[in-house]
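Notes to accompany the following structure.
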There are 2 protein chains.
Amino acid sequence: MARSTRESILTAAAELMRSRGYAAVAMKDVAAASGAPIGSLYHHFPGGKLQIAREALVNAGVAYGQLIPTLMAPHDDLGVAIEAAFGQAAEDMAATGFANMCPVASVAAETADTVPELRETTAGIFTGWLDGGADYFRSRGLAPDAARDLIVALVGALEGAFVLARTLRSTEPLLVAGRALADGHRGVPLTAQPRLPLDDVANASS
Amino acid sequence: MARSTRESILTAAAELMRSRGYAAVAMKDVAAASGAPIGSLYHHFPGGKLQIAREALVNAGVAYGQLIPTLMAPHDDLGVAIEAAFGQAAEDMAATGFANMCPVASVAAETADTVPELRETTAGIFTGWLDGGADYFRSRGLAPDAARDLIVALVGALEGAFVLARTLRSTEPLLVAGRALADGHRGVPLTAQPRLPLDDVANASS
DNA sequence: GTCTATACCATGATAGAC
DNA sequence: GTCTATCATGGTATAGAC
């Protein structure tokens with residue numbers, strides 16, 4: 001998966017932030033989890049912890065940005081697609097012992113008021129998801145405004161349900177959120193169109 | 001507002017956790033914000049930082065648990081009530097410069113995998129919200145299962161939209177989430193019944 | 001590019017005078 | 001019950017040998 005030292009540091013950091021957020025992750029932990037000694041972290045990332053976090057979040061953000069279109073792809077009814085996507089998320093979460101699937105929201109909630117660089121980074125990732133998702137739904141036949149509202153509601157409901165599910169150790173919040181959102185969209189057709197969404201998230205790894 | 005030293009410590013801690021989460025809040029900061037010296041924190045809370053966090057979260061959780069019923073109270077159409085509640089949340093958030101309204105979700109996301117005592121505390125708070133909210137909606141005429149699903153979807157959508165709104169510094173996620181959830185419930189009547197929901201959150205200040 | 005040793009600082013927590 | 005001084009620890013980051 002991650003071959004170079006640089007990559008293994010980033011994946012280790014993303015993994016740790018996924019379950020601990022930002023402040024509670026120590027450089028020592030990243031070093032141990034990646035197998036690289038502390039000095040190597042600062043060799044590859046002169047910007048220190050902040051730079052590692054930003055790059056790790058952007059990487060994870062791009063990966064998760066593909067997720068919603070991927071889950072929607074096999075369906076041609078919007079309501080069915082939404083419910084299936086949340087059902088899949090619930091299965092994944094239960095299978096991983098209720099570890100959060102994505103570090104972006106945790107770090108965003110923790111640092112939006114205190115670490116401007118991380119707020120900007122997470123905001124860029126969210127914006128990429130929303131723009132990419134809206135483009136995707138438009139490419140499958142939805143009206144521009146409907147596509148935008150749908151992806152905003154979807155991402156918000158998903159992130160909120162994740163927090164509840166993780167804390168309560170239950171899939172109920174994900175399943176209920178999926179049903180609630182699906183109810184408003186049953187019978188809406190998704191046209192077949194294999195266009196991939198763009199990922200214009202990357203503006204943090206400079 | 002908070003007169004005793006104990007109370008001022010708890011409100012200061014809740015305020016700090018609201019914007020920084022748990023790990024990034026230092027006891028020194030709580031002391032400074034509350035006006036009490038460090039020694040007093042440990043005098044009133046022998047359990048240290050963890051005890052302060054738990055009690056502060058429970059206090060904040062009870063307060064926020066009142067919020068949804070309060071916002072729903074003046075309406076008699078469920079769809080209208082939902083949209084108004086999210087609109088009110090959006091206004092409050094914009095008015096406070098996009099500071100998160102509630103420390104529970106931030107701390108829950110950050111500590112669900114790492115600090116068992118805080119996961120239990122936040123889970124208890126969430127459970128109180130869900131049980132209390134379901135009771136409230138039942139008291140206003142909804143079927144038991146519908147009431148439960150509604151409050152789960154509502155709390156999840158609200159928490160997720162908060163994270164997005166705070167990070168993007170925009171009210172759009174709250175407004176869109178409110179509209180999306182309201183759409184499935186327009187025309188559903190809320191019966192007039194002035195019963196207050198129970199708060200059975202408290203099991204952490206032992 | 002890898003790795004160790006270490007500087008320097010902030011942290012949670014305590015002891016004990018008042 | 002209030003407040004100060006301080007401890008031990010763990011944090012980020014750096015220096016410099018290899």
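The figures that follow rest on heavy atoms only: side chains count, while hydrogens, waters and symmetry mates do not. In what follows, chains carry the letters A, B, and so on, assigned in the order in which the sequence lines appear, proteins first and then strands, with residues in each chain numbered from 1.
One distance of note links CD of B/Gln88 with OG1 of B/Thr70; it measures 11.0 Å at 0.5 Å rounding. A distance of 4.5 Å separates CG in B/Leu50 from OH in B/Tyr22, rounded to the nearest 0.5 Å.
Listed by first then second residue, pairs satisfying salt bridge (charged side-chain N to carboxylate O under 4.0 Å, His left out) with a partner in residues 89-114 of chain A read A/Asp113-B/Arg166, not counting sequence neighbours. Residue pairs meeting the salt bridge (charged side-chain N to carboxylate O under 4.0 Å, His left out) criterion with at least one member in residues 28-52 of chain A, sequence neighbours excluded, are A/Arg20-A/Asp29.
Taking all atoms of both residues into account, the shortest heavy-atom contact from B/Pro46 to B/His43 is CD-O, 4.2 Å.
A side chain to side chain contact (heavy atoms under 4.5 Å, CB included) with B/Val104 is found for exactly one of B/Thr122, B/Thr121, B/Val58, namely B/Thr122.
A donor-acceptor distance shorter than 3.5 angstrom exists from the side chain of B/Arg18 to the backbone of B/Asn100, with no hydrogens or angles considered.
No side-chain heavy atom of A/His185 sits less than 4.5 Å from a side-chain heavy atom of A/Leu142. The closest side-chain heavy-atom distance from B/Tyr136 to B/Ile68 is not below 4.5 Å.
At the heavy-atom level, A/Val30 lies nowhere under 4.0 Å from the strands shown.
Take A/Arg179 and apply the salt bridge (charged side-chain N to carboxylate O under 4.0 Å, His left out) test, not counting sequence neighbours, and it matches B/Asp149.
Less than 4.0 Å separates DNA chain C from at least one heavy atom of each of the following residues of residues 42-50 of chain A: A/His43, A/His44.
Comparing B/Ser40 and A/Ile38 by the nucleotide of DNA chain D whose heavy atom lies nearest to each, the residue mapping closer to the 5' end is B/Ser40.
The span of DNA chain D lying next to chain A, judged by atoms under 4.0 Å from heavy atoms, is bounded 5' to 3' by D/dG11 to D/dT14.
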What's touching nucleotides 8-10 of chain C from the protein side, N or O pairs under 3.5 Å?
none

